[in-house]
K.L.:
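Take this structure first; my questions come after.
Sequence lines set the chain letters: A, B, ... in the order given, protein chains first and strands last, and positions in each chain run from 1.
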There are 2 protein chains.
Amino acid sequence: MNAVKLTSTLTFRLGTLGAVLTDRFSARLAAHDLKPKHVGLLAVLDSGAAASQLDVARIMNVAPSLVVSLADRLEELGAVRRERDPADRRRQVLTLTAEGRDLLAACARAAAELDAELLEGLDQDGAETLRATLGTLARRTGLPAD
Amino acid sequence: MNAVKLTSTLTFRLGTLGAVLTDRFSARLAAHDLKPKHVGLLAVLDSGAAASQLDVARIMNVAPSLVVSLADRLEELGAVRRERDPADRRRQVLTLTAEGRDLLAACARAAAELDAELLEGLDQDGAETLRATLGTLARRTGLPAD
DNA sequence: CTTCATCATTCAAGTCCTGAACGATTTGGA
DNA sequence: TCCAAATCGTTCAGGACTTGAATGATGAAG
């Protein structure tokens with residue numbers, strides 16, 4: 001019958017693991033009063049893939065209205081600048097400020113520390129393979145991956 | 001400076017990928033009127049690791065009160081049986097029924113289908129390595145992994 | 001047998017997110 | 001040129017999900 005064990009499916013494992021890691025990341029971010037999605041938004045801007053808030057919403061897979069509140073908070077922190085696009089005054093163009101770049105770097109460092117903690121004891125080779133494979137999957141899933 | 005790119009950290013990648021996959025799984029489960037956590041509970045029972053609701057709560061990393069409502073729903077579906085432990089009448093012992101096992105199997109199959117979709121085009125070897133590595137990480141994280 | 005801990009349950013509250021409604025702006029025809 | 005429809009951002013009410021505190025039942029220790 002080819003019985004499948006739920007816990008060994010990628011769907012389930014990535015889901016549960018992802019939830020735990022997101023929680024940990026969230027805890028680290030508490031110091032900055034940020035949520036993972038705020039940092040995700042910074043990363044989208046840093047990648048240069050986005051311009052308008054709607055672009056960001058599509059890339060992040062969230063409702064446009066959520067981007068509004070995320071951007072509100074980040075603007076308040078001075079991490080992003082919000083300007084009307086002169087060519088189309090309906091669009092709000094978000095750009096990363098120097099502070100925003102620093103903030104993103106700090107958060108990326110925090111994530112890297114969590115990575116190290118997670119991978120402790122794992123062989124270096126396996127870690128690199130994992131990173132690469134996940135990158136491929138992220139791309140195939142339409143997620144920002146580099 | 002060793003600048004770290006956020007999107008290439010496992011923390012971020014596993015987090016975002018996990019969220020997407022959980023959404024997809026959730027969509028599949030809608031047919032059964034179940035959420036991923038319901039299925040997670042079934043899996044915990046199937047593993048034989050748990051007995052009381054509190055055990056389940058600890059394993060799943062959720063509040064005991066949440067287990068109550070999850071179990072309510074599953075009992076209503078006839079997927080689990082709920083009995084007071086004769087040796088300690090405070091404890092509610094959850095056990096999988098035959099229907100519960102079938103339901104879990106169906107959900108595991110759905111997850112496996114999503115896996116196939118996700119891995120389409122990926123080399124078989126990489127997929128198996130990925131599965132194994134994630135299993136290791138799950139174990140190191142205190143998550144149910146076989 | 002009294003006191004304290006443990007387990008399940010209920011319930012109110014908090015967080016996070018979405019979708020509908022609105023105003024401002026742009027676009028594509030009549 | 002002018003108007004109808006589409007697009008973008010924003011606000012806001014509501015829904016889904018989860019937790020923590022309060023309660024009652026049961027058990028354990030002295």
K.L.:
Backbone N or O of A:T7 within a donor-acceptor pair of the A:R13 side chain at under 3.5 Å?
P.N.:
yes

K.L.:
Taking A:S52 for the side chain and A:Q92 for the main chain, is one N or O donor matched with an acceptor at less than 3.5 Å?
P.N.:
no

K.L.:
For nucleotides 12-16 of chain C, which of its nitrogen or oxygen atoms have a protein nitrogen or oxygen under 3.5 Å away, and what is each distance?
P.N.:
from, atom 1, to, atom 2, distance (Å)
C:dC16, OP1, A:K35, NZ, 2.8

K.L.:
Indicate yes or no: does A:R91 engage A:D55 in a salt bridge with an N to O separation below 4.0 Å.
P.N.:
yes

K.L.:
Just wondering, do A:L34 and A:L74 contact through their side chains at under 4.5 Å, heavy atoms?
P.N.:
yes

K.L.:
B:L134 and A:L118: same hydrophobic cluster, using ILVMFWY side-chain contacts below 4.5 Å?
P.N.:
yes

K.L.:
Quick one: does B:R81's side chain have a donor or acceptor within less than 3.5 Å of a partner on B:T95's backbone?
P.N.:
no

K.L.:
Flag yes if B:F12 and A:L17 sit in one hydrophobic cluster, no otherwise; membership is Ile, Leu, Val, Met, Phe, Trp, Tyr, and two members link when side-chain heavy atoms are under 4.5 Å apart.
P.N.:
no

K.L.:
Going by heavy atoms closer than 4.0 Å, what residues in residues 67-97 of chain A are next to DNA chain C?
P.N.:
A:D88, A:R89, A:R90

K.L.:
Decide if atom CD of B:E120 counts as having more than 12 heavy atoms of other residues, nucleotides or ligands within a radius under 6.0 Å.
P.N.:
no

K.L.:
Check whether B:V20 and A:V44 end up in the same hydrophobic cluster, where Ile, Leu, Val, Met, Phe, Trp and Tyr are linked by side-chain heavy atoms less than 4.5 Å apart.
P.N.:
no

K.L.:
If you walk 5' to 3' along DNA chain D, what is the first nucleotide with an atom under 4.0 Å of a heavy atom in chain B, and what is the last?
P.N.:
D:dC17 to D:dG27

K.L.:
Do the non-hydrogen side-chain atoms of B:L130 and A:L137 ever get within less than 4.5 Å of each other?
P.N.:
yes

K.L.:
Taking the nucleotide of DNA chain C with the nearest heavy atom to each, does B:P64 or A:S65 sit closer to the 5' end?
P.N.:
B:P64

